[in-house]
Amino acid sequence: MEDKELSCGCGCGCEHDHEHEEEMDTITLTLDDDTELECAILGVFDVEGIEGKEYIALLPLEDETVLIYEYKEVGDDVELTLIEDDAEFEKVSAAFDEFFEEEEE
């Protein structure tokens, strides 16, 4: 009788069926109503023409809407700020779209 090798086909030698996904860093946002929203971090990026600021793109794990915030590291903490200026938000959104397209290639 021949031994049958059980494997998911991923090459890791595991004996169960699963999908391997690239591990993404996550962050948990606390919303105004104190609910928590876990999000995958898509990236932190600069925007040409906006000096001294960085931005972060987040994807809620249970949604497909990308959230973009101003990102600032303060000591060991991270501060996320809403982008309230429409012109700034448009520029940041366009930069994110460009950044994301480059990442996919």
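Heads up: numbering here begins at 1 and tracks the sequence.
Closest of all the heavy-atom pairs between C39 and P60 is SG-CA, 3.8 Å. The two residues T30 and D34 have their closest heavy-atom pair at CG2-CA, 4.0 Å.
Atoms CG and CD, from L59 and E64 in turn, are 7.5 Å apart once rounded to the nearest 0.5 Å. Between atom CD1 of residue I56 and atom OH of residue Y69 there is a gap of 10.0 Å, rounded to the nearest 0.5 Å. To the nearest 0.5 Å, atom CZ of residue F89 and atom CZ of residue F96 are 10.0 Å apart.
Qualifying salt bridge (charged side-chain N to carboxylate O under 4.0 Å, His left out) partners for E54, counting only residues two or more places apart in sequence or in other chains: none. Contacts of T35 classified as side-chain hydrogen bond (donor to acceptor under 3.5 Å, both in side chains), with partners at least two apart in sequence or in another chain: D33. The side-chain hydrogen bond (donor to acceptor under 3.5 Å, both in side chains) check on S93 picks up nothing, with sequence neighbours excluded.
Both L80 and L82 are members of a single hydrophobic cluster when ILVMFWY side chains are connected at heavy-atom separations under 4.5 Å. Hydrophobic clustering (side-chain heavy atoms under 4.5 Å, transitive across Ile, Leu, Val, Met, Phe, Trp, Tyr) groups V66 together with I83.
No side-chain donor from either of T28 and E38 sits under 3.5 Å from a side-chain acceptor of the other.
Residue pairs satisfying the side-chain hydrogen bond (donor to acceptor under 3.5 Å, both in side chains) criterion with at least one member in residues 72-87, sequence neighbours excluded, are listed as follows: Y71-E73.
For the side-chain contact (heavy atoms from CB on, under 4.5 Å) test with L37, the passing option among I27, L58, L67, L61 is L67; the others fail.
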Which side-chain N or O atoms in residues 40-51 pair as donor and acceptor under 3.5 Å with protein atoms at least two apart or in another chain?
none

